[in-house]
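Comments concern the structure below.
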Amino acid sequence: MKPSLPQGTRDFSPTELRRRQYILGTLRQIFECYGFQPLETPALEQLSTLMGKYGEEGDRLIFKVLNNGLHTSKKKDELNEEWARLLESPYSTPAITERALRYDLTIPFARYVVMHQHELAFPFKRYQMQPVWRADRPQRGRYREFWQCDCDVVGSTSLLQEAELLCIYQSAFEALGIPGVHIKLNSRKLLAALAEACGAADKMMDITIALDKLDKIGWTGVQEELMRMNISESGIVVIGNIIHIKGSPDELLAQYEQHLGHFETGRQGIDELRSTLSYHSVLAESSWHPQLKLDISLARGLNYYTGVIMEVTTDAVKMGSIGGGGRYDDLTGLFGVKGLSGVGISFGIDRIYDVLDELGLFPESLGSGVDCILLNFGNADEQYALSILKSLRAAGISAELYPEAAKFDKQMKYANKRAIPFVILAGESERKNGMLSLKDMHIGEQKLLSLSDAISFLTTNKS
RNA sequence: GAGGCUGUAGCUCAGUUGGUUAGAGCGUCGGAUUGUGGUUCCGAAGGUCGUGGGUUCGAGACCCAUCUGCCUCCCCA
């Protein structure tokens, strides 16, 4: 048979995986630096844990797992009935499926917090980097299996959390060296006030979705969408006035206050953004390049966000967002625990990979993973090489010996292809003098060294 | 969930209105070269033309189905 992969899934070659690990490692270091702790949850969750948490569209995209042993079931009639219903319409039933693949990392996190609430110290700060699955149609930058990398705080309403998450975003994209990064900031409360201001408080979701397309379809396109949603003409004018305000974040907030400050939610949203920015200005390094931008047209898809929301894009590459997040006031409420507020951000590492790849921003030193290779000259020389190999490894230098006394140029070509930075030649003449020849494959230079000199050289020069 | 495009060697692609034995470059392997890679020269291997049906004297090419990749909508990371 001819092997193939399921749609929308990928293998990761050694080079790709090193690069992915470079991204994850960079992020992990930052998360740890900000006091977040690692967490992993199972690939499988109870379907009931996931259903209804991501909206109608989300439910459709959850990968469901067929129950085992259906053929041994005693309730054939019930199964047939349920199966018939399932063939008619989107429907799921525990009789046929009661487990599903994780759709994101936030809901499993909420589930975890609820199940372990008595052993956790709140505020609980965790990061999680694992694959998630969606039965979506694959496209460029969109996969059925992809990784999410989340960092959330639960159990604190302080806007210091929002400010710290903004810092994490900035410092992460600074460390990865991605140019043209913008972190857009908005508040669900501002959007709610906006809906109120145009007399359609109940249509906040619709307005938000239309507004989110501003970048894509322009103001005229958004106007058409709004009209289709039966937003009044005066309402559309109000929205138009507000989204066209320009200026620094402080200026924008002052303007928004004029327009929306008399609504309770509007005032709250503005105050929250002000506090967030004020904490942030104290914490942030002035050298960070990623720019903060207030953008009232930013929506964010998930319907559990309630406060500040954020999204990261880069204008260096044509690509959707590479990160996003926000505050969700009552996430664990879905699982029966009220009053725990959460706020978190997510990194789209598959897309970040594509951006780094496209811009050639991966460090060259990710290389082969091994510092040096010993060529094999056979017999007594092989024995000599083995003793060197052992010493190198004991000194913490990663090393390998070519396994056969193959022809010289074959061994060299192998080293070259693997991009191993150093080659050690220890043949008859070296062995008789108790020395070794160390060749730097980048510059092509070779020198005769004692083992201890070689070790200290490699220790300082290895990648 | 809706609509559209695509698939030929490991990779990137040629292949005329349907007509003998399907080609190139790169890569791979062997040799020039048994202690020196990245350059060069010579040679070789590698294809049930995505898969399954159909039309035809004859299909890589045309038709249908299916799978994959990609694009638009929807939605999202």
Side-chain angles (χ1 to χ4, degrees), chain A residues 1-10 13 23 54-62 89-90 103-106 129-150 205 208-210 212-213 216-217 221 225 299-303 310-314 318-325 344-355 373-379 381 385 402 404-431 436-448:
Chain A
M1 69 163 274
K2 193 174 173 181
S4 66
L5 284 174
Q7 189 180 42
T9 66
R10 298 155 295 165
S13 68
I23 297 172
Y54 309 105
E56 204 179 311
E57 179 75 6
D59 284 353
R60 194 166 61 75
L61 298 180
I62 293 172
S89 61
Y103 178 90
D104 75 349
L105 301 179
T106 310
M129 308 190 279
Q130 289 187 277
V132 302
W133 294 268
R134 293 187 189 177
D136 204 355
R137 199 138 175 184
Q139 285 178 31
R140 173 185 161 82
R142 181 185 292 192
Y143 306 95
R144 285 186 150 181
E145 177 186 69
F146 63 97
W147 280 59
Q148 276 191 343
C149 180
D150 280 21
M205 284 301 282
T208 302
I209 289 168
D212 193 40
K213 298 179 186 167
K216 221 174 184 175
I217 59 179
E225 291 258 326
R300 296 253 78 226
L302 298 172
N303 38 22
M310 37 199 140
E311 181 168 282
V312 186
T313 54
T314 166
K318 190 171 172 280
M319 179 83 65
S321 69
I322 52 178
I345 55 174
S346 181
F347 290 80
I349 84 143
D350 295 86
R351 285 183 179 176
I352 292 171
Y353 181 101
D354 289 346
V355 171
I373 184 165
L374 285 115
L375 297 202
N376 193 327
F377 297 94
N379 301 324
D381 295 328
Y402 195 89
E404 284 115 34
K407 271 204 266 184
F408 213 84
D409 97 297
K410 184 168 181 173
Q411 299 195 41
M412 288 299 286
K413 279 180 174 163
Y414 177 79
N416 191 54
K417 192 166 180 180
R418 286 272 310 275
I420 300 173
F422 294 99
V423 169
I424 288 175
L425 300 90
E428 191 179 356
S429 62
E430 284 90 351
R431 171 167 54 84
L436 56 82
S437 295
L438 180 72
K439 175 160 181 159
D440 181 326
M441 293 294 276
H442 289 304
I443 57 177
E445 263 174 29
Q446 185 173 322
K447 45 191 163 186
L448 194 64

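Within every chain, numbering begins at 1; the chains are lettered A, B, ... in the order of the sequence lines, protein sequences first and strands thereafter.
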Quiz: residues 405-415 of chain A side-chain donor-acceptor pairs under 3.5 angstrom, not counting sequence neighbours:
residue, atom, partner, partner atom, Å
A/Asp409, OD2, A/Lys413, NZ, 3.2
A/Gln411, OE1, A/Asn376, N, 2.7
A/Gln411, NE2, A/Asn376, O, 2.8
A/Gln411, NE2, A/Ala406, O, 2.8
A/Tyr414, OH, A/Arg418, NH1, 2.7

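- Rounded to whole Å, atom P of B/A77 lies 11 Å from atom CG of A/Asp212.
- Across the P atoms, B/G15 and B/C41 are found 28 Å apart, a figure rounded to whole Å.
- For residues 436-445 of chain A, the pairs satisfying side-chain hydrogen bond (donor to acceptor under 3.5 Å, both in side chains) are A/Glu430-A/Ser437, with sequence neighbours left out.
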Taking only distance into account, with no hydrogens and no angle test, what donor-acceptor pairs under 3.5 Å do side-chain atoms of residues 134-142 of chain A form with protein atoms, sequence neighbours excluded?
residue, atom, partner, partner atom, Å
A/Arg134, NE, A/Tyr103, O, 3.1
A/Arg134, NH2, A/Tyr103, O, 3.2
A/Asp136, OD2, A/Arg142, NH1, 3.2
A/Arg140, NH2, A/Glu358, OE1, 2.9

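- Aromatic stacking of A/Phe347 on B/A77: not satisfied for centres closer than 5.5 Å together with planes under 30 degrees.
- Spacing between B/A44 and B/G25 at atom P, rounded to whole Å, works out to 13 Å.
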Between N or O atoms, less than 3.5 Å apart, protein on one side and nucleotides 1-7 of chain B on the other: list the pairs.
residue, atom, partner, partner atom, Å
B/G3, O6, A/Arg137, NH2, 3.3

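- Among the duplex regions that RNA chain B forms, those built from at least three successive Watson-Crick or G-U pairs under 3.5 Å are B:1-5 with B:69-73, B:10-13 with B:23-26, B:28-32 with B:40-44, B:50-54 with B:62-66, ordered by first number.
- The side-chain hydrogen bond (donor to acceptor under 3.5 Å, both in side chains) check on A/Glu404 picks up nothing, with sequence neighbours excluded.
- Every salt bridge (Lys or Arg N to Asp or Glu O under 4.0 Å) that A/Glu225 has, sequence neighbours left out, goes to A/Lys213, A/Arg228.
- When the C1' atom is compared between B/G50 and B/G10, the two are found 16 Å apart, to the nearest whole Å.
- Considering only residues two or more places apart in sequence or on other chains, A/Trp147 meets the side-chain hydrogen bond (donor to acceptor under 3.5 Å, both in side chains) condition with none of them.
- Residue A/Ser321 is in sugar-phosphate contact alone, with no base atom involved, counting any heavy-atom pair closer than 4.0 Å across all strands shown.
- Straight-line distance from the CD atom of A/Glu225 to the P atom of B/C73: 11 Å, rounded to whole Å.
- Rounded to a whole angstrom, the distance from the C1' atom of B/C67 to that of B/C57 is 32 Å.
- Between the CZ atom of A/Arg142 and the P atom of B/C70 there is a distance of 11 Å, rounded to whole Å.
- Taking CG from A/Leu425 and CG from A/Leu436, the interatomic distance works out to 9.0 Å, rounded to the nearest 0.5 Å.
- Side-chain contact between A/Met129 and A/Ile349 is absent, with no heavy atoms from C-beta onward closer than 4.5 Å.
- Summarising the geometry, the separation between CG on A/Asp354 and P on B/C70 is reported as 10 Å, rounded to the nearest angstrom.
- Using a 4.0 Å heavy-atom criterion, one finds that A/Gly323 contacts the sugar-phosphate atoms exclusively.
- Annotation: side chain of A/Tyr54 is in contact with side chain of A/Ile62 (closest heavy-atom distance under 4.5 Å).
- With sequence neighbours excluded, no residue forms a side-chain contact (heavy atoms from CB on, under 4.5 Å) with A/Ser429.
- If you take atom P in B/U48 and the same atom in B/C11, they sit 13 Å apart, rounded to whole Å.
- Only the P atoms considered, B/C13 is 25 Å distant from B/G18, to the nearest whole Å.
- In this structure A/Glu57 satisfies the salt bridge (Lys or Arg N to Asp or Glu O under 4.0 Å) test together with A/Arg60, sequence neighbours excluded.
- B/G43 and B/G53 are spaced 42 Å apart, taking the C1' atom of each and rounding to whole Å.
- The residue A/Gly8 sits close only to the backbone: its heavy atoms come under 4.0 Å of sugar-phosphate atoms, none of a base.
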(request) Would you mind building the protein contact string for nucleotides 30-40 of chain B? One character per nucleotide, 5' to 3', B for base within reach (heavy atoms under 4.0 Å), S for sugar-phosphate only, - for untouched. (result) SSS-SBBBB--
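- Distance CG (A/Asp59) to P (B/C75): 16 Å, rounded to an integer number of Å.
- For B/C71, its base never sits under 3.5 Å from the side chain of A/Arg140 at any donor and acceptor pair.
- Atom pair A/Glu145:CD and B/C76:C1' shows a separation of 17 Å (rounding to whole Å applied).
- Contacts of A/Gln446 classified as side-chain hydrogen bond (donor to acceptor under 3.5 Å, both in side chains), with partners at least two apart in sequence or in another chain: none.
- The distance from atom OH of A/Tyr54 to atom C1' of B/C76 is 13 Å, rounded to the nearest whole Å.
- The structure places CG of A/Leu374 at 10.0 Å from CD1 of A/Ile420, a figure rounded to the nearest 0.5 Å.
- Rounded to the nearest Å, the gap between the C1' atom of B/C29 and that of B/U17 is 41 Å.
- Atom pair A/Met205:CE and B/C75:P shows a separation of 10 Å (rounding to whole Å applied).
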